[in-house]
Amino acid sequence: MEGVDEEKGKYAVDDVNGLWDVDDLEELDEYKMTNNRGTFFIFWFTEGRSGADKDFEMYEDIAKLLGFNNIRSHKDKNATEISDILNKYGKEDHSHDDCVVCAVAAHGRTSDQIQVKGGVFIDLNEFVKHFNENNCKDLKGKPKIIIVQACRGNFLEKAVELRKDNDEHHVERPTYNNVYPELKDYTENLATNYNDLLLASSSIPDTKSMRSEFSGSYYLQYLLEEIKDNKGRDICEILTKVNCRVSRMVFKVDGTKCKQMPCFRSNLTKKLHFHTQNEMKEKSRRDCHSRSTDVSRRHRCKWRCW
């Protein structure tokens, strides 16, 4: 029953059983990761996207670095084809899979709309919803990772500059330039708040994402580098480093200095490490040693008590 508690604040919840204090969580658990990573989807679109082939290559390299053998690449698919592909995936047996990754490289616009074949825009949720527990029960409690390289609007974030004034440092607030006509008639986006979901985006809402026609998207370049240099680290730590590196870049668009700020939203409930096979063996050995040490310690304790 939901009500108002004057001391605890609005929306206090009463008469709820089965809850525990978060202080009881001494340390976060890790998602179980084996050699059977699962599926790594790559949906990439080339229309009006010079350098798209580089994005695909970087996604493929990322998949291999993370230990995926099952890489499913889908180039320039329309909305119906995408739905059919992901519906088919949901009907397969994924009971032994560690997780799933769905990587997208496309044009995008406000409200997380992704442009697919034919210039049609669909909700990002049309990709995400196929991995929820209703559509794929085998993924319950397993991490679902969505990586999106796409614009999320028409605004360019102006670069922030530091200036010295009266021996004090002031930061000019970032502003936005709308250099393209505003897109209208957006379709309302569906909710994508699922358990164990990690959604990484190359830019913050309403802003554009930068891409080189020669080397591909800058966000994916740094993501590939950080995964390569930080194998086995928690994925959220890696994404934070990518955010930091991309945010320090300055781009010039029509003579205006602009920035790009990636972001990610985590509904993960455990730590997520993509350990290599050797790292997993070493971790298993350490865990076994730790458990045996704990058992030995408890036996010594009992002996003293007697």
Q) Are any non-hydrogen side-chain atoms of Ile147 and Val101 less than 4.5 angstrom apart? A)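 The answer is yes; the side chains approach within 4.5 Å.
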Are Ile235 and Leu268 side-chain neighbours, meaning at least one heavy-atom pair lies under 4.5 Å?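 Sidechains of Leu268 and Ile235: in contact.
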If we ignore angles and hydrogens, is there a donor and acceptor under 3.5 Å between the side chains of [X] and [Y]?
X	Y	value
Gln260	Ser209	yes
Ser95	Asp93	yes
Asp84	Asn87	no

In Å, rounded to the nearest 0.5 Å, how long is the span from [atom1] of [X] to [atom2] of [Y]?
X	Y	atom1	atom2	result
Met58	Ile227	CE	CD1	11.5 Å
Glu47	His107	CD	NE2	7.0 Å
Ile82	Ile122	CD1	CD1	4.5 Å
Phe274	Asp98	CZ	CG	8.0 Å
Ile42	Glu60	CD1	CD	5.5 Å
Leu86	Lys77	CG	NZ	12.0 Å

Review point. Can you check side-chain contact (heavy atoms from CB on, under 4.5 Å) on Asn230 and Glu237, steps first, answer last?
Key: CA-CA 9 Å; Asn230 295 279; Glu237 184 179 348; 6.0 Å; no
When you check the gap from the basic side-chain N to the acidic O, do [X] and [Y] get nearer than 4.0 Å?
X	Y	result
Asp112	Arg152	yes
Arg49	Asp55	yes
Lys117	Glu81	no
Glu27	Lys271	yes

Judged by atom type as modelled, is there a donor-acceptor pair below 3.5 Å linking the side chain of Arg37 to the main-chain atoms of Leu66?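 It does hold such a pair.
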Would the distance check show the side chain of Asn132 and the main-chain N or O of Lys129 forming a donor-acceptor pair, the cut-off being under 3.5 Å?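 Yes.
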Please answer: with hydrophobic residues joined when any side-chain heavy atoms are less than 4.5 Å apart, are [X] and [Y] in the same cluster?
X	Y	answer
Tyr219	Met249	yes
Val242	Leu65	yes
Val253	Val246	yes

Handout entry: Contact summary for Pro262 and Ile204, nearest pair of heavy atoms
Key =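 Minimum heavy-atom separation between Pro262 and Ile204: O-CG2, 4.3 Å.
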Determine whether more than 12 heavy atoms belonging to other residues, nucleotides or ligands lie under 6.0 Å from atom CZ of Arg245.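 Result for CZ/Arg245: enclosed.
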NZ (Lys142) with more than 12 external heavy atoms under 6.0 Å: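 Enclosed: over 12 neighbouring heavy atoms sit under 6.0 Å from NZ of Lys142.
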Would you please indicate if the ring centroids of Phe41 and Tyr89 are separated by under 6.0 Å?
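When the ring centroids of Phe41 and Tyr89 are compared, they turn out to be within the sub-6.0 Å range.
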Member of Arg211, Gln149, Lys54 meeting the side chain to side chain donor-acceptor pair (under 3.5 Å) criterion with Ser217: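 Of the listed residues Arg211, Gln149, Lys54, the side chain to side chain donor-acceptor pair (under 3.5 Å) partner of Ser217 is Gln149.
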